[in-house]
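Lettering follows sequence order; numbering is per chain, from 1. As the structure is a computational prediction, the values presented were derived from the model and not from experiment.
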Amino acid sequence: MMRVRFAPSPTGQLHVGNARTALFNWLLARGHDGTYVLRIEDTDAARSTRASEDGILRDLRWLGLEWDEGPDVGGPCGPYRQSERLHLYSSYANELLGAGQAYYCFCSPQKLEAERAAMLAAGRPPRYAGTCRAIDRAEAADRIEQGEKPVIRFRVPERIDVTFQDLVRGEVTFNTEVIGDPVLVRSDGRPAYNFAVVVDDALMEITHVIRGEDHISNTPRQILLYRALGFAPPRFAHLSLVMGPDHTPLSKRHGATSVSEFRAHGILPEALTNYLALIGWSPRAAGGETPEDVELLPIDELARRFALEHVGHSAGVFDPEKLAWMNRQYMRRAAPARLAAETARFFVARGFVRRSSEAALAYVESLLPMAAGSVDRLEEIPERVAFVFQFDARASVEKPAVADVLNEPGAREVVAALPGAIAGPMLDRDAFRAAAARVRERTGRKGRALFHPIRVALTGEAGGPELDLAVPAIDRGAALAPDAGVAPIASAAERARAFAAVAG
RNA sequence: GUCCCCAUCGUCCAGAGGCCCAGGACGUGGCCCUUUCAAGGCCAAAACGCGGGUUCGAAUCCCGCUGGGGACGCCA
């Protein structure tokens with residue numbers, strides 16, 4: 001039975017790099033009928049916050065990466081928060097101490113820092129010198145009695161090779177020569193990372209540890225700890241990291257990097273997971289499929305095809321442009337009601353919707369055909385249809401693009417004829433076309449020479465969604481009840497009159 | 001500095017010795033569609049880091065170089 005885990009430390013927002021690690025674990029578990037465990041690594045009391053933890057859980061759920069066992073849902077191997085497992089770590093630490101596999105170290109942080117600096121300066125690997133290795137039990141007990149607060153270090157065997165089969169990289173070997181004795185338990189009694197992960201992964205019966213490549217050099221220490229503790233090590237797989245366009249680690253200065261930021265900007269979760277899955281991996285096309293067919297796949301299909309052996313070895317650059325394209329694809333495919341619900345908050349932020357009432361949501365949904373598929377993110381949708389909510393004839397004639405349209409031959413004639421051609425609310429395409437036909441009859445203009453002036457007169461813009469959609473959208477909005485929750489919208493007839501008055 | 005990992009179009013991937021004068025996607029350029037702006041369709045340009053081997057044959061295997069990344073914490 002396969003068991004995998006995602007083990008974030010709650011010290012900030014869920015980053016897309018970590019989200020990708022979470023995703024790969026999830027894909028593997030779901031593709032193999034395995035169990036996906038979420039564990040919170042909050043042993044760093046100073047930096048961990050419950051707010052971060054809540055945010056990470058929320059973001060993972062938003063992405064659709066539900067876990068089978070975790071801090072909030074429980075499970076047979078709990079608790080799933082390291083801060084609640086402290087007794088386990090000290091018990092195993094004592095076991096190691098008793099067996100002589102660990103020892104107390106009394107070196108001060110300042111002394112260690114000085115040693116590190118000296119070794120680095122001397123061109124040697126800055127590893128712990130082993131100063132306290134020889135302190136015997138009696139002396140240690142004595143000094144602790146005196147009030148000294150030692151750490152507990154793991155006694156790493158000298159000069160042996162530690163080899164493991166990495167599921168993505170193949171055989172990897174480290175010699176313990178370059179590994180200093182790691183701290184297992186800090187002077188405040190809390191466990192250090194390398195110790196806590198091993199105890200937890202072993203006790204939680206994790207079979208596959210899939211994590212970022214930044215952990216690969218921790219692996220030999222951890223394998224040694226598994227041995228010392230008498231546990232069978234799991235299989236390891238190290239994922240290459242995600243970089244910014246300049247090949248430096250992805251960070252704030254590259255723009256949005258956290259899952260919640262992408263959500264805030266109107267990226268759909270399925271677009272983000274699909275995109276992330278394709279950094280360092282790609283589904284194989286099979287059975288008559290072309291490579292193009294497997295670019296966009298739902299997350300369950302991704303899971304069905306996912307294979308660690310086919311995960312790439314090199315770092316990938318995060319490309320916001322491709323994410324944007326993918327989001328466009330998913331926006332186009334999304335169910336209208338859902339898209340409306342997801343987009344409403346952006347209309348509210350813009351002041352176009354005052355209250356997310358049922359009527360307002362229905363109206364937003366009716367606007368979607370003009371925008372979804374034309375823009376990259378949900379947050380751009382209100383801007384795309386802003387002409388519906390904002391109309392100022394005087395301000396728009398000042399715009400160079402609008403002025404250009406008015407200067408086209410016969411344009412003012414069309415604008416002047418428009419108010420008289422509008423018989424009443426144009427609630428559908430045919431009503432609009434009938435009005436346009438009347439203008440055509442009176443002015444003799446057609447095609448671009450007819451529609452372009454009509455566009456500027458009714459929308460105040462030189463460009464935008466097709467008028468067959470835009471004009472009915474305006475008049476349906478104008479017909480909304482004042483308490484519908486939507487900001488007041490001027491009707492096409494009012495617009496035509498106001499525009500003719502200033503454009504004449 | 002030492003150790004570890006990595007190396008195909010600008011970017012993400014395909015390629016697991018002959019099917020490759022290298023395929024797909026994003027982006028870019030052009031054309032088309034068009035009642036405007038987007039979107040969409042079609043076409044195009046664009047890569048095996050370098051040097052040695054191995055082999056009848058190498059993008060694919062080996063070695064070196066170069067370049068990139070990671071680790072070396074009482075952070076995780």
Side-chain angles (χ1 to χ4, degrees), chain A residues 7-9 11 41-44 46-48 105 107-109 112-113 116 119-128 149-153 166 169 172-175 177-180 182-188 190-194 196-197 211-220 238 240-241 243 245 247-249 275 278-285 290-296 309-310 312-326 328 332 370-375 384 401 405 436 446-452 454-456 459 461-468 470:
Chain A
S9 67
T11 54
E41 310 223 317
D42 58 350
T43 56
D44 184 347
R47 296 197 305 150
S48 299
C105 167
C107 297
S108 71
L112 294 171
E113 187 43 53
R116 242 193 309 277
M119 286 174 164
L120 228 30
R124 303 225 319 279
R127 55 187 268 267
Y128 175 62
K149 294 247 179 281
V151 301
I152 298 172
R153 280 185 192 273
D166 189 291
R169 272 152 229 287
V172 179
T173 300
F174 285 85
N175 192 284
E177 206 169 17
V178 299
I179 303 174
V183 171
L184 262 26
V185 180
R186 300 184 257 221
S187 53
D188 65 1
R190 300 179 82 89
Y193 165 76
N194 277 301
V197 252
R211 70 225 309 194
E213 197 191 4
D214 49 340
H215 285 296
I216 200 165
S217 60
N218 284 320
T219 307
H238 291 91
S240 56
L241 272 15
M243 317 295 278
H247 283 90
T248 62
Y275 175 66
L278 265 28
I279 302 180
W281 176 71
S282 69
R284 297 179 38 97
T290 65
E292 195 171 351
D293 292 333
V294 294
E295 199 78 24
L296 293 167
E309 308 80 77
H310 293 130
H313 299 184
S314 56
V317 171
F318 186 89
D319 180 10
E321 291 289 348
K322 184 151 184 180
L323 206 212
W325 171 81
M326 209 162 258
R328 210 155 65 216
R332 191 172 289 146
M370 295 191 288
S374 298
V375 297
R384 175 82 179 153
V405 173
K446 57 183 183 172
R448 178 189 163 93
L450 173 68
F451 289 102
H452 218 181
I454 292 178
R455 170 180 296 283
V456 298
T459 70
E461 303 284 345
E466 54 184 304
L467 292 172
D468 279 352

Task: For A:Glu113, side chain to side chain contact (heavy atoms under 4.5 Å, CB included) partners two or more places apart - done: A:Arg116

Task: Value rounded to 0.5 Å, distance of NE2 in A:His238 from OG1 in A:Thr219 - done: 3.0 Å

- [ ] Identify the heavy atoms of A:Glu466 and A:Arg455 that sit nearest to each other, and give their distance.
- [x] CA-NH2, 3.9 Å

Open item on the list: Applying a 4.0 Å non-hydrogen cut-off, can you work out what A:Thr11 is touching in the nucleic acid: base, sugar-phosphate, or nothing?
Closed with: nothing

- [ ] Quick one: closest heavy-atom pair of A:Ile279 and A:Gly316, and the distance?
- [x] CG2-CA, 4.0 Å

Task: For atom CZ of A:Arg127 and atom P of B:rG1, their distance in whole Å - done: 20 Å

Task: Atom pair distance, as rounded to whole Å: CD in A:Glu177 and P in B:rC4 - done: 11 Å

- [ ] Could you list the residues that satisfy side chain to side chain contact (heavy atoms under 4.5 Å, CB included) with A:Glu41, not counting sequence neighbours?
- [x] A:Ala7, A:Ser9, A:Arg39, A:Gln82, A:Tyr193, A:Val197

- [ ] Let me know the distance between CG of A:Asp214 and C1' of B:rA76, rounded to the nearest Å.
- [x] 9 Å

Open item on the list: Using whole Å, what does the distance between atom C1' of nucleotide B:rG69 and atom NE2 of A:His215 come to?
Closed with: 15 Å

TODO: Output the single nucleotide from B:rC74, B:rA76, B:rC26 whose closest atom is nearest the side chain of A:Ser187.
DONE: B:rC74

Task: Pairing partner (Watson-Crick or G-U wobble, both distances under 3.5 angstrom) of B:rU35 - done: none

TODO: For residues A:Trp325 and A:Leu296, determine if any side-chain heavy atom of one lies less than 4.5 Å from a side-chain heavy atom of the other.
DONE: yes

- [ ] Have a look at A:Met243 and say if it touches a base, only the backbone sugar-phosphate, or nothing, with a 4.0 Å heavy-atom cut-off.
- [x] sugar-phosphate

Open item on the list: Can you check the distance between B:rA44 and B:rG49, where both ends of the measurement are the C1' atom (answer in whole Å)?
Closed with: 26 Å

TODO: Have a look at A:Thr290 and say if it touches a base, only the backbone sugar-phosphate, or nothing, with a 4.0 Å heavy-atom cut-off.
DONE: nothing

Open item on the list: A quick test of your reading: do over 12 heavy atoms of other residues, nucleotides or ligands sit less than 6.0 Å from CZ of A:Arg332?
Closed with: yes

Task: Touch class at under 4.0 angstrom, heavy-atom based, for A:Ser9 against every strand present - done: sugar-phosphate

Task: Side chain of A:Leu112 (C-beta onward), nearest among B:rC26, B:rC74, B:rU2 - done: B:rC74

Open item on the list: Just to be sure I understand the rule, does A:Pro125 reach a base, reach only the sugar-phosphate, or reach nothing, if contact means heavy atoms closer than 4.0 Å?
Closed with: base

Task: Pairing nucleotide - B:rG73, Watson-Crick or G-U, each distance under 3.5 Å - done: none

Open item on the list: If you compare every side-chain N and O of A:Thr43 against the phosphate oxygens of B:rA76 (OP1, OP2), does one of them come in below 4.0 Å?
Closed with: yes

Open item on the list: Among residues at least two apart in sequence or on other chains, which ones pass ring pair (Phe, Tyr, Trp, His ring centres under 6.0 Å) with A:Tyr275?
Closed with: A:Phe318

- [ ] Ignoring the backbone of A:Glu41, work out which of B:rC3, B:rA76, B:rA71 is nearest its side chain.
- [x] B:rA76

Task: Complement of B:rU55, any strand, by Watson-Crick or G-U distances under 3.5 angstrom - done: none

Task: Strand partner of B:rC42, provided both Watson-Crick or wobble distances fall under 3.5 Å - done: B:rG30

- [ ] Go along nucleotides 6-15 of chain B 5' to 3' and tag each nucleotide: B for a protein heavy atom under 4.0 Å from its base, S when only backbone or sugar atoms are that close, - otherwise.
- [x] SS---SBSS-

- [ ] Take atom OH of A:Tyr193 and atom P of B:rA71, then tell me their distance rounded to the nearest Å.
- [x] 12 Å

Task: Nucleotide nearest A:Val183 (side chain, heavy atoms from C-beta), chosen from B:rG70, B:rC74, B:rC3 - done: B:rC74

Task: Distance, rounded to the nearest Å, where A:Glu292 contributes CD and B:rC26 contributes C1' - done: 12 Å

Open item on the list: Need one value for A:Arg211: base, sugar-phosphate or nothing, where a base atom within 4.0 Å counts as base even if backbone is also close, heavy atoms only.
Closed with: nothing

- [ ] Go through the structure and list residues passing side chain to side chain contact (heavy atoms under 4.5 Å, CB included) with A:Ala372, not counting sequence neighbours.
- [x] A:Leu339

TODO: Remember a base hit wins even if backbone is also touched, and classify A:Asp166 as base, sugar-phosphate or nothing at under 4.0 Å, heavy atoms.
DONE: nothing

Open item on the list: Please check: side-chain N/O of A:Ser282 versus main-chain N/O of A:Leu278, any donor-acceptor pairing under 3.5 Å?
Closed with: no

Open item on the list: Rounded to whole Å, please give me the gap between CD in A:Glu321 and P in B:rC26.
Closed with: 12 Å

TODO: Run the numbers on A:Ile179 and A:Arg127 for side chain to side chain contact (heavy atoms under 4.5 Å, CB included), then give the verdict.
DONE: CA-CA 6 Å; A:Ile179 303 174; A:Arg127 55 187 268 267; 5.8 Å; no

Open item on the list: One character per nucleotide, please: for nucleotides 32-50 of chain B, 5' to 3', B when the base has a protein heavy atom closer than 4.0 Å, S when only the sugar-phosphate does, - otherwise.
Closed with: ---BBBBSS----------

TODO: Can you tell me the pairing partner of B:rG23 across any strand shown, Watson-Crick or G-U wobble, with both distances under 3.5 angstrom?
DONE: B:rC13

TODO: Pick base, sugar-phosphate or nothing for A:His238, based on heavy-atom distances below 4.0 Å to the nucleic acid.
DONE: nothing

Open item on the list: Quick check against the 3.5 Å criterion: does A:Arg47 have a side-chain atom that pairs as donor or acceptor with the backbone of A:Thr11?
Closed with: no

- [ ] Record whether the side chain of A:Asn218 comes under 3.5 Å of the base of B:rA76 through a donor-acceptor pair of N or O atoms.
- [x] yes

TODO: If B:rC50 has a Watson-Crick or G-U wobble mate with both distances under 3.5 Å, name it; if not, just say none.
DONE: B:rG64

TODO: Please report, rounded to the nearest Å, how far the C1' atom of B:rC3 is from the CD1 atom of A:Ile179.
DONE: 9 Å

